[in-house]
Each structure stands twice: as structure tokens, then as C-alpha cells.
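Both ligands and their constituent atoms are indexed starting at 1 by order of listing.
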Amino acid sequence: MLFLSTRGKTDLVCSAHAITRGMADDGGLFVPQKFVAVPLEDIIALHNLSYQERAVKIISLFLTDYSEEELADAAARAYDAAKFGSCPAPVVQVNDNTDALELWHGPTSAFKDMALQILPLLLTKAIAKTGEQQKIVILTATSGDTGKAALEGFADVDGTEIIVFYPESGVSDIQKQQMVTQAGKNVHVFAVKGNFDDAQTGVKQIFANAGLNEEIAAQGCTLSSANSINWGRLVPQIVYYFSAYSDAVAAGRIKAGDEINFAVPTGNFGDILAGYYAKMMGLPVHKFICASNSNNVLTDFINTGIYDKRREFKKTISPSMDILVSSNLERLLYSVTDEDSEKVTEWMQQLNTEGVYNVGEKIHKKITSAFFGAWVDEQETAETIRRVYNDSKYLLDPHTAVAWRACEKYRLVTSDDRYAVVVSTASPYKFSGSVYEAVKNGGEELQSFDALHKLHELTGVPVPEKMLQLENMPVLHKEVIEPGNMAEAVKNSI
Ligand SMILES: *Cc1c(COP(=O)(O)O)cnc(C)c1O
């Protein structure tokens, strides 16, 4: 299996290359040449395998330059029971026609672990294949979840250093505590004065600074990123859509072959795109419900065919979906235009220069045949958390609540009440303050760990072990730097 760029200007490359490079040289994203069909019997049979084995079955269809043993080793280590418990991606029944696919049983209690636990292992194996001698230095600017998940994934992985920059006052207390307590001999964490954009801009400047990159190369290192456009992050996400379907059949929720719906809380469009790829491979899915918060650029796009980022950025209680440019959408456009890289390039250029593009009626129709877009405001999100808890005793985090409500809106508008799986992307305890306030319907505003304990007292829902330990862990990273000193920090870290 070879990979090409959505912009169509690069040669075909193997998966090891796509994973080490992250992004294609022409500015596009790597996509596989083709999607292998998985027969229904094989999908159903996944249920008899462990999650690790399911992962190998699906990932091996794409990463053909890795041996079965290599993938088995990566999957076994990534989704180890010590990290994810016995079941990394359980499907939990919430009401008669809706289940939650819980993707937050990993070390950081958010779904990014599903990809970021295995990516470092795929990456180090890829480096060995491409003959790279340099040490890989992963640079990440984070608004919260990604930074911690990358730290956990890369900590003590040989041949790598991991450097994370987070905005000093732009992450939640729990997210900050998760990062500043991270152990590992190759781990570096810096608070940056300013907001997420300052940190992100700083990282982009470091990547673009040719002189600095030469200096870094002279020290035997090469910079890389673990962001969500890397193919090595996308491919592990395809697995859990197949896995969930096989579990739903085994649990008697559906019959083999029935089409189901997935509702996905969406930011950068990685998670939901992985589901769409599963559908292209034959997974029986009727619709993907693309759920957004008040940053509803994707809802508008799915409803009109016009992507318009010229709007105010809003801070919400589902911060991992606060995004105006969903990078992975480029891969969907490539697919629905039957791989028309010229069109894709044109739209991406328009987005850059004018802030808007229009895909036209034909392509818009193709998109709405597989996707339904809905957005949910702050109040509805809180109401949904409260109502689902009261009705079903199931506690949603704010991101999952957005998807839950979007699924309800879809059912109201279309009368399509078929079985749906809501993709649950974070433990409610990761956002204890907002969730506690929602369940209590207002009242006192509590700080991080107080809210966590109160939420547990109120609901009795178990707190993830890792999150409990966090409160009393020693702070290992205290440095606060100016954005202008980020390059210096990188040089001193390697
Ligand atoms: C990253 C994230 C999302 C959005 O996923 P995308 O792949 O970026 O669309 C949703 N919920 C949580 C909790 C996340 O961390």
C-alpha cells in the first residue's frame, strides 16, 4: 500500500515515510492509494479478538511495510491492560437505541490516547525502516488534551525527545497538573506566557526557521510533530469503528449487516474522518453526525457546502472542539471529489487567502449523503449532561454531551431513530468543574480537584485511577517562558 498527497504533487511513498514526514512536501496530507474492503463476516469476527488483535487486523491493511510481528508488538504495548484496563474501547448501553463508545480509558482520560499511545511505536519502527539516524524531537503546542497525550505516548521512547508548550493561562487546572507532573527522561514541558495562538505560532516559527533546523541537525536531531494530520494518528482511529460495530452485533443491539449511525464530537475532523474511512471499507454506516459546539463552522459547511472561517473564535466548555480550521477535512474533500487534487489545492488556497471556499452543489450533495451537521450551544450542552444523567444515570463529559445532543437533533429532524453510537471522547472527570455545575444546575463554582471529589460524591461514578493520583504528584516542570524564547528552550532541551 502506497500513499500520496491530497495536493497531488509528490511521489508515492510507503507508510513509514508518510508517518515520519507527517505532512507531504507540497503542503498536502498523505492519503492511502486505496481502501481495502473488509467483508462483513470478518467485521463480525473481530468480536472474538482482543482489542490489540483487532487493531492489528485493521492497521495491517494500511501499513503493509510493517511486519505482522511489528504491528502486534506495537498494539500490545500501546493498548496494554496496565494503561487501558482490560477493555480499551467499550461500547456501553445508555438507553434503548443509543450506546456510548468510550475512548477515554487510556492514561490521560481522553480519546487522543487511542492514537498517541501507538504513534510513537509506529514512528520509531518507521525511522528504523527509512534508515534515519537522527534523534526525533517532537514539538507540540497544546490547548490541553494533545500535549498530555503526546507526553504519555513519547515518555521514555528511545530515540525521541518530546517538548510540549502550553499557554500559561489557557489550559484547565487538571490539564496543567497532568502536564507539569509528567515523568520521563526525554520529557520537556514549558508554560508560555500568552494564549494558545502564541504557543502555536512559536512552534510554527521553529519549524520554519531553516538556520535553527540546521543547528538542530548538527546536534544529531530532527524536528517532527505529533499533530492530528499525521497518518499514523489517523489509522489507529479507524479500528474502533469496526470494533464497536462487532461489539454491537455480539450484544444483540443490531443484526449483522444493519446500518447504524455514529455521532462524533468534532474538532480537527480526524476522529469522524476515520469513521468515514471505515465506511469506505465496507462498515455498514448510514450517517455520521458531525457535532460541533458554538464554533459551528463545520455545521455550516455540511449544511451549505461553503466553508467560511471568517468568524469569531469562541471559548466553550468543550475546549478540544474550539477550532475554526479543521485540517483533516482536506482528506474528505479529496475523497468526495474522486481524488481531484487540483480542486482540493484550489479550495485550500482560497481558504488561506480569502478565508472561504465553496465546494459547489454536486460535491455538497455527496457530503450530505454521508454526513449530518448539527451544533450545540453552551446551555444545551449543560442541559444535556444533566438530563442524560437524571434519565439514564450516565455521566457525559461536555464534548460527548455535544455529540449526544447533536444525535438527538438529527433524530428530531429526520425521524431516523435507528441504533446510534455516540463517540465518547473524554472522561467526565477531566472537566469536573463544568460537569459538576451542569449536573447541579448551577450553584457554586469549584476549583479542579474539589469539583472532582464533589462530582464523585454526588454521582458515585468511579474516578479514573490516574486522575486520583494526580492531585498529590510532585510538580516536575515549572519553567514559564516568553514566546520569543521558545527556540532557545528547544536548543537547551536536546
Ligand atoms: C481532540 C478531541 C476532540 C475532537 O477530535 P478531532 O479528531 O479533532 O475532530 C473531541 N473531544 C475531545 C475530548 C478531544 O480531545
Report task. Using the side chain to side chain contact (heavy atoms under 4.5 Å, CB included) rule, pick out the option among V463, L468, V461 that qualifies with H456. Result -> V463
Query raised in the report: For ligand 1, which part of F269 has a heavy atom less than 4.0 Å away: the side chain, the backbone, both, or neither?
Result: backbone
Query raised in the report: Just heavy atoms, cut-off under 4.0 Å: does D145 contact ligand 1 by side chain, backbone, both, or neither?
Result: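 It is the side chain that touches ligand 1; the backbone stays farther off.
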Looking only at N/O atoms, are [X] and ligand 1 under 3.5 Å apart anywhere?
X    : value
T425 : yes
G270 : yes
D397 : no

Query raised in the report: Roughly how far apart are T384 OG1 and L396 CG, rounded to 0.5 Å?
Result: 8.0 Å
Requested in this report: Identify which of S228, S109, A110, P265 has a heavy atom lying nearest to atom 10 (C) of ligand 1.
Outcome: P265
**Report entry** From the candidates S318, A274, G267, the one that places a heavy atom nearest atom 4 (C) of ligand 1
**Finding:** G267
Could you list which atoms of ligand 1 come closer than 4.0 Å to a heavy atom of [X]?
X    : answer
A426 : 13 (C)
S320 : 2 (C), 12 (C), 14 (C), 15 (O)
T266 : 9 (O)
F111 : 1 (C), 2 (C), 3 (C), 5 (O), 7 (O), 14 (C)

Query - NZ (K365) with more than 12 external heavy atoms under 6.0 Å - result: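 Counting other residues, nucleotides and ligands, NZ of K365 stays at 12 neighbours or fewer.
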Which residue supplies the protein heavy atom nearest to [atom], what is that atom called, and how far is it?
atom                   : result
atom 8 (O) of ligand 1 : N268 N, 2.7 Å
atom 7 (O) of ligand 1 : D271 N, 2.9 Å
atom 2 (C) of ligand 1 : K112 NZ, 2.5 Å

**Report entry** Note: R386-D391 ion pair, threshold 4.0 Å (strictly below)
**Finding:** no
Requested in this report: Output yes when R7 and E330 qualify as a salt bridge under the 4.0 Å nitrogen-oxygen rule, no when they do not.
Outcome: yes
Query raised in the report: So, Y410 versus D416: side-chain donor-acceptor pair below 3.5 Å or not?
Result: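 Y410 vs D416: donor-acceptor pair found between side chains.
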Report task. Check whether the side chains of T400 and S424 place a donor and an acceptor atom closer than 3.5 Å, and report yes or no. Result ->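 Result is yes, a qualifying pair exists.
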**Report entry** Whether H17 and F30 hold their rings parallel, tilted or perpendicular, with breakpoints at 30° and 60°
**Finding:**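 Ring orientation, 0 to 90° scale: perpendicular.
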Query raised in the report: Using the ring of each side chain (for Trp, its six-membered ring), is H399 parallel, tilted or perpendicular to F431, with breaks at 30° and 60°?
Result: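 The arrangement is tilted - the two ring planes meet at 30° to 60°.
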